[in-house]
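First comes the structure, then the notes that go with it.
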Protein chains: 2
Amino acid sequence: MTTDEIRAAAAEHLRSAGLRVTEPRLAVLEAVTGNGHLDADTVHTRVAVGHPGISLQSVYNVLGDLSAAELLRRIEPAGSPALFESRIGDNHHHIVCTRCSAVADVDCIVGQAPCLAPSDASGFVVHTAEVTFWGLCASCQQEAGV
Amino acid sequence: MTTDEIRAAAAEHLRSAGLRVTEPRLAVLEAVTGNGHLDADTVHTRVAVGHPGISLQSVYNVLGDLSAAELLRRIEPAGSPALFESRIGDNHHHIVCTRCSAVADVDCIVGQAPCLAPSDASGFVVHTAEVTFWGLCASCQQEAGV
DNA sequence: GCGCTTGTTTTGAGTCATTCAAAAGAACTG
DNA sequence: CAGTTCTTTTGAATGACTCAAAACAAGCGC
């Protein structure tokens, strides 16, 4: 997708979510779309390139609003700050490197969310199953093998 | 298990993990054993009943040491502080209430860790699969239903 | 049992990620 | 284009946790 296509689609999504179309929101969506798993600070740095005055606080606000509206997905692997990604709508999972904290997507193993059902849910009604795989990424395997 | 049994077993475990047997460590193990999923602050409060001078910092140290030695397990559900539990050795999973953050254990669905394998691991070597179910606990279902 | 060594705990400060609140500003409605 | 309401900024504050140095104590050897 080009920048313009992302922004046009984003504006539409914002409107149908009942959110106003603002420059910070478009810029954040653009910064995250197709760029993997980014924390708030990284998003801020990226957005600041084209929008020098934007505050970190605004980035937090926008990321929160967009996640609540399900235009972004928020994940919080243990030991990392919250990460945001543009891939939504499928309940895919993540694999995290225990050495360098790199994150990659993993397709959902079993169909749609919750994709797994607990054998005994202790009286809970289950909505989703979140799976996080832990391991070593390719480059850390090399460095650790040395 | 009685308090004395817990402490005797704990002392043994500490020794075989190469850790010195100290009162704070025994007290923390005792506080966590069989008491579900506790955060550092709660552990501190509980331990302080019998050990009025103990510092929160020590509780953090001890919890860190015991987790590293695998005498306790540490989980970090999104939105909660780190929680510690005494059930170790099996790769069981957790279900968290999205409304009140209550946590319950869920038996591992598929045998031993990693218990699930990603279809495509993007070059990662996978060690474990951590599954977190999200839903509503029994009492929140009632309150939310009203 | 008594020091000694080394691991542990305390004390005190500091960090990071994030949230709260009030004031200033800008989208959308009519 | 004016008004309302939502957004953004500014500035401060919080919670959870870590770092570092000094005081202390477990367990070894004598």
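Just the heavy atoms: all of them, side chains too, but no hydrogens, waters or symmetry mates, feed the values below. Sequence lines set the chain letters: A, B, ... in the order given, protein chains first and strands last, and positions in each chain run from 1.
Of all the heavy atoms in A/V106 and A/H92, the pair that sits closest is O-CB, 3.4 Å. Closest non-hydrogen pair, B/R20 versus B/L14, comes out as O-CD1, 4.2 Å. B/R25 and B/L66 make their closest contact through O-CD1, 4.3 Å (heavy atoms, listed as atom of the first residue, atom of the second, distance).
If you take CG of A/L26 and P of C/dA27, they are 10 Å apart, rounded to a whole angstrom. In this entry the distance linking NE2 of B/H44 with C1' of D/dT18 reads 16 Å, nearest Å. Remark: P of D/dC19 and CG of B/D65 are 13 Å apart, rounded to the nearest angstrom. The NE2 atom of B/H51 sits 15 Å away from the C1' atom of C/dT8 (whole-angstrom rounding). Taking atom CD of residue B/E76 and atom P of nucleotide D/dG15, one finds them 19 Å apart after rounding to whole Å. In this structure, the CD1 atom of B/I54 is 11 Å from the C1' atom of C/dT8, given to the nearest Å. In this structure, A/E23 atom CD and C/dC28 atom P are separated by 12 Å, rounded to whole Å. In this structure, B/Q57 atom CD and C/dT9 atom P are separated by 11 Å, rounded to whole Å.
The nucleotide whose nearest atom lies closest to any side-chain atom of B/Y60 is, among C/dT18, D/dT18, D/dT8, D/dT18.
With hydrogens and angles disregarded, a donor-acceptor distance shorter than 3.5 Å links the side chain of B/Q141 to the backbone of A/G123. Listed for the B/S67 side chain is no donor-acceptor partner under 3.5 Å among the backbone atoms of B/R73.
Annotation: the span from B/F84 atom CZ to B/L63 atom CG amounts to 4.5 Å, rounded to 0.5 Å.
The shortest side-chain heavy-atom distance between A/E23 and A/L26 falls under the 4.5 Å cut-off. The closest side-chain heavy-atom distance from A/S80 to A/D39 is not below 4.5 Å.
Checking B/L38, B/T33, B/V32 one by one against B/N35, the side chain to side chain contact (heavy atoms under 4.5 Å, CB included) holds for a single residue, B/L38.
Of the residues in residues 78-88 of chain A, those placing a heavy atom less than 4.0 Å from an atom of DNA chain C are A/P81, A/A82, in numerical order.
Projected onto DNA chain D by closest heavy-atom contact, A/V59 and B/L56 fall at different nucleotides, the more 5' of which corresponds to A/V59. Comparing B/T22 and B/D41 by the nucleotide of DNA chain D that holds the closest heavy atom to each, the one mapping nearer the 5' end is B/D41.
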Close N or O pairs between protein and nucleotides 2-6 of chain C (under 3.5 Å):
unit_1 : atom_1 : unit_2 : atom_2 : d
C/dT6  : O2     : B/R20  : NH1    : 3.2
C/dT6  : O2     : B/R20  : NH2    : 3.1

